[in-house]
Each structure stands twice: as C-alpha cells, then as structure tokens.
Protein chains: 2
Amino acid sequence: MQVTPELLSAFPSLKPLPPATLSRLAQESSVRKFARRGVVLTAGVREEFVCFLFEGRLQGVDFTIDGREVGLYFVEPGDFCGELGMFDHGPQPEFVIALTAVVTVFVPMESLRQVTLEHPMLLKLLGERLAARVRQLTRQRSLLGLPNISQRVCCQLWLLVPDDARQNLQASVINNPPTHMEIAIMLNLSRETVSRVFQILQTRQIVRRDGTSLLHVSDTAALKRLAEGKEEL
Amino acid sequence: MQVTPELLSAFPSLKPLPPATLSRLAQESSVRKFARRGVVLTAGVREEFVCFLFEGRLQGVDFTIDGREVGLYFVEPGDFCGELGMFDHGPQPEFVIALTAVVTVFVPMESLRQVTLEHPMLLKLLGERLAARVRQLTRQRSLLGLPNISQRVCCQLWLLVPDDARQNLQASVINNPPTHMEIAIMLNLSRETVSRVFQILQTRQIVRRDGTSLLHVSDTAALKRLAEGKEEL
DNA sequence: CTGGCTAAGTGACTACAATCACATAATAAC
DNA sequence: GTTATTATGTGATTGTAGTCACTTAGCCAG
C-alpha cells in the first residue's frame, strides 16, 4: 500500500527530516498490516527493513533452547523495531509478533542508511534510540530480579500506564492490554500466576477489565505503591 | 598514570585509529586501577568517561527496588563499558564493579566524541558495539527463561569458555572465574543452588577448580551438551 | 443464535529452589 | 604465623509458584 510523507512524519524519529527526504523515503516504504498473532519480524533472518509501528502493539519474543517462549519488550505506536541491523548488518535477534491487529510501515534499511549519510541527525537519533533500548532491557532485567511475584506484575503493569497518568496518579486506561500469557512470558511466570495476581488487583478495585481491549486503572496511586514494594498485595 | 598510544591500540575498537589521533587520546586518558570489589562506574551518575578494560573482569550490576543485587553482564579484557552516554548523554544506567583487581583506561567521552567527528569509522564501531550489547542482553534474558536450573548455570559457564575452546571442544581454562555469588545474581539463583550445581559438575569431572583464579573445563563437549539441554545433570 | 476458539479463573497437588544454619576451606591482612 | 574475612559446601525445612485438570467467560464467524 502507498505511503505518504505525512504518514512518515507521524513518527517522532522521522518528523525532523526535510519534506523532500520524507517523500523519497515514502516512495520506497510500504504499509503492512498484520492480524493478531502475525509474525512481523523473524528471528535469525537478515530483515532488510525497519518496522515503524503506527497502530496496535507489538511484542519482541525469543525462545529458549527448550522451546519456552520468552517476552523481551513491547513496542508502542510511534516507535519502531528491527533497527539493530542498521548498525551491524547482523540478523534480527528476536521475533516480533503482533499482539493486536497492527498497521506498520516498513522502511528499507538501505534507504535509511542513505538518509543517515545526508542527515547525521538521523544517525544520532538512531543511536539514542538504541541506547534507550539498552536502558529498557536493563530495567526489564532488574524487574526479573524481584523475588515478590505480585510486585513484578504490578511493575510491568505500571510500565504500561500512560505517561501522563503516571505523573498525576490519575485514573487511566490501558488500550489493548497484553493477555495474561503475554505478561507471563515477559516476567518468567506462568499464566495462572498472572491470572491470580490480576484477580486480587480486581477485587481490590485497583484495576478493572472492560472487554478485551480496555483495562481501566482505577487506583493508580495504589498500583504505584505496589510496584515500588511500599505495599504488599 | 600516563597512557601511551601503544596501550590504546591494544583495544580492537581503537586500533584502527591513526597514530596521531591515538596520541591525542592517550594524553587525555588515564590508567585507573581498582581493587576487587571496587566501584568502577556508578549508576545514576553522568560518567564522563568510557572505561576500557585492560586486565581483569568487570560485572555490570543493578539493584531491584527491594535492594536485591542483579547481575547484568560481564566485561572481558579488550572490551569497554560505560559508553551509553556517548549516544544519549544520559546517566550510567547500572553499576560496574571489579570482580578481580583490574587495570582500566578511562577515556573522556568528550574527546571520543571529537574523534568520532573526524573518524566516522569510530562512530560505526561504537554503533556495532552497542548493537552487540543489545544482542548480549537479549541472549542473557533468554537464558533466564530456562526452567532447568543446572542448564542455566551450564549455559552461563559456556559463555565464559574461551572462543577457540568452544569451537574445538578442547579442554580449556577460565581465568578469574566469577564467584558462585556473582554467577547466582546473573541467573536469578541463590548462591547455594549454584554451589550445588558446581558440586555435581566437579564430581562428574566436567570442571575442576584450581585455586581462586582458575577453573579448568576438562570436558568441554559435556558442558556444551548440558548447556544445550541435550543431557540432564 | 450457535458452535468453535481463545482467554481467563480456580482448586489440588507437587516439585524444587530459597532460606536458614551451620561447617569448612581458602585467602588476605596483620 | 596467626587471625580475620570471604568463599564454598551441605543438610533440613518450608514456601511458593508451577503444573494439571478443569470450568467459565468472552468473542467472532457463519
């Protein structure tokens, strides 16, 4: 499907580029839609595209030697993934799966590399992005160190709360929340355990489900306290 | 202490730089030695140096909210750490601790940034290095997904085996191996559990201790099979 | 509206690693 | 050489999350 420069400029990382560059990139890019569960990027393959997420939620997943699924990170709209090859021409290290129906824009790596030559700014941006990824992986790893299981779940949930609500501790909504299973593999837990934690959070009226696509966070302050371990579940 | 250009060229990442550049960098750099347990980089601080490791072994560590220690990665001689700020000017995300007495070279970030302007090659190299770090963090995360504890320990041990021995499955030696505790925090295990796994590995004559500073890997093939889950301990 | 399917809730049971509490060994410090 | 300190080894006990085996709910397609 055709990509317009306007679509590309919806992404914070591309927005600063001049219109001419955006037009050129747009011509070489394509919109790709995936159904829930669709494989967006394949591990071990030299994917020659960077995948920008327009709508929906993605999850980076890997598999252990014995076939167990491991959740690595979530990708939110406006962000991108699969950019590692931009730096080292290596293969994509992990799978990226669509958690919901998604709309993505695939931009060829080679075109992006061309653009970085003309616009070092983009290179800088990519570097910052990669640094952010390292910081996020590090944070996620620390999370796994928590011996208290409910705290782990609450921390993960906390990371899914929109920024503004995190600031003001207002009630908020998480759109298309991951399933219990998807959370479980991120946290090295079983699906049942995550389910039991949610059960407690719901009876305590800290969160409330509203269909599959909405999770209301009613008591943001309580969630924060639980995430920080200041309160036990 | 004074740094010579020769010392700097011992690092694969700096070796390709022209002698004049190396001399300039050498003048601005300093050798710093740390005792075992010394704090090489501090979390949360904007460290204005990239730390190149000449001798010994470092460990990146973080702490969970409840104070539990979490091991993130090991740094081997020839490699460097603390480079994240080069990309985003952000604070150092984790502590870096000396596992043995170490000799490091601290190169000011600002000098390195200057060099990247003249030598895009270095920029490319730094990018590749950061990408490698992401790959390593990802691999380490997958490791934690392993439900079998001894496999986890064997995998980690396998990563410490020198490259050439990994290829040829020859007997080899791990210098200054991490303590059981240091391995434990990398793998989300208790010290005792690691100790028990080592006990089995030793009675099976797969590894052999030789003082504090040497760990002989006698049966590399068996270690590999255990790491891959092809054999149970 | 009715299957078919995926997600989520729940009890019972169990395995297994954490914890505790030491003993012992190996280094480092004096 | 002797003491202090840190690393390691080991048994006993316990808590807790995983697993199994279902049930129930929610969603979508026809």
Side-chain angles (χ1 to χ4, degrees), chain A residues 35-38 57 59 64 66-71 97-101 144-154 157 174 176-204 207-215 232-233, chain B residues 35-38 57 59 64 66-70 97-101 144-153 157 174 176-204 207-215 232-233:
Chain A
R36 183 171 156 69
R37 288 290 115 90
R57 177 179 281 124
Q59 184 174 35
T64 60
D66 63 332
R68 186 168 293 244
E69 212 178 357
V70 174
I97 308 285
L99 294 187
T100 65
L144 291 179
L146 287 172
N148 185 318
I149 256 58
S150 356
Q151 193 181 353
R152 221 141 96 194
V153 176
C154 291
L157 217 45
I174 298 172
N176 296 313
T179 65
H180 293 177
M181 189 61 198
E182 284 147 9
I183 295 176
I185 61 164
M186 289 282 284
L187 301 177
N188 261 5
L189 297 173
S190 72
R191 205 251 321 148
E192 291 91 330
T193 301
V194 174
S195 194
R196 287 187 242 264
V197 174
F198 266 84
Q199 222 38 36
I200 304 177
L201 287 176
Q202 271 157 207
T203 56
R204 288 229 197 165
V207 303
R208 180 167 53 84
R209 292 196 55 196
D210 182 358
T212 334
S213 57
L214 291 177
L215 184 76
E232 283 275 319
L233 207 59
Chain B
R36 184 171 157 71
R37 287 289 117 89
R57 177 179 279 125
Q59 183 174 37
T64 61
D66 63 332
R68 187 169 294 245
E69 213 178 353
V70 173
I97 308 285
L99 295 188
T100 65
L144 291 180
L146 287 172
N148 184 318
I149 257 58
S150 356
Q151 194 181 353
R152 222 141 94 194
V153 176
L157 218 43
I174 298 173
N176 296 314
T179 65
H180 294 176
M181 190 62 200
E182 282 147 10
I183 294 176
I185 61 165
M186 289 283 285
L187 301 177
N188 261 5
L189 296 174
S190 71
R191 204 251 323 150
E192 292 91 330
T193 301
V194 175
S195 193
R196 287 186 242 264
V197 174
F198 265 83
Q199 219 42 34
I200 304 176
L201 287 176
Q202 271 158 206
T203 55
R204 287 229 197 163
V207 303
R208 180 167 54 83
R209 293 196 55 194
D210 181 0
T212 334
S213 58
L214 291 177
L215 184 76
E232 282 275 319
L233 207 60

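Source: prediction; values computed, not measured. So you know, we letter chains A, B, ... as the sequences are listed, proteins then strands, and number each from 1.
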Starting at [atom1] of [X] and ending at [atom2] of [N], how long is that distance when rounded to a whole Å?
| X | N | atom1 | atom2 | answer |
| --- | --- | --- | --- | --- |
| A:Asn148 | D:dA17 | CG | P | 8 Å |
| A:Ile149 | D:dG18 | CD1 | P | 6 Å |
| B:Leu99 | D:dA7 | CG | P | 11 Å |

Check: If you walk 5' to 3' along DNA chain C, what is the first nucleotide with an atom under 4.0 Å of a heavy atom in chain A, and what is the last?
Finding: C:dA7 to C:dA12
Check: Just by protein heavy atoms under 4.0 Å, how would nucleotides 22-30 of chain D read 5' to 3' in B, S and -?
Finding: -----S---
Notebook entry, point to check: Listed in order of residue number, which residues of residues 182-190 of chain A have a non-hydrogen atom at under 4.0 Å from DNA chain D?
Noted result: A:Asn188, A:Leu189, A:Ser190
Next item on the list: Could you tell me whether the side chain of A:Val70 reaches within less than 4.5 Å of the side chain of A:Thr64, counting heavy atoms only?
Entry: yes
Checklist line | Residue pairs, two or more places apart or on separate chains, that pass salt bridge (charged side-chain N to carboxylate O under 4.0 Å, His left out) and touch residues 176-203 of chain A | finding: A:Arg37-A:Glu182
Once you apply a heavy-atom cut-off of 4.0 Å, does [X] come out as touching a base, just sugar-phosphate, or nothing?
| X | result |
| --- | --- |
| A:Thr179 | sugar-phosphate |
| B:Thr193 | sugar-phosphate |
| A:Arg152 | nothing |

Note to self: Need the bend value for the helix from C:dC1-D:dG30 to C:dC30-D:dG1: angle between end axes, 5 pairs each end, nearest 10°.
What the structure shows: 60°
Under-3.5 Å N/O pairs linking protein and nucleotides 11-15 of chain D:
from	atom 1	to	atom 2	distance (Å)
D:dG11	N7	B:Arg196	NH1	3.2

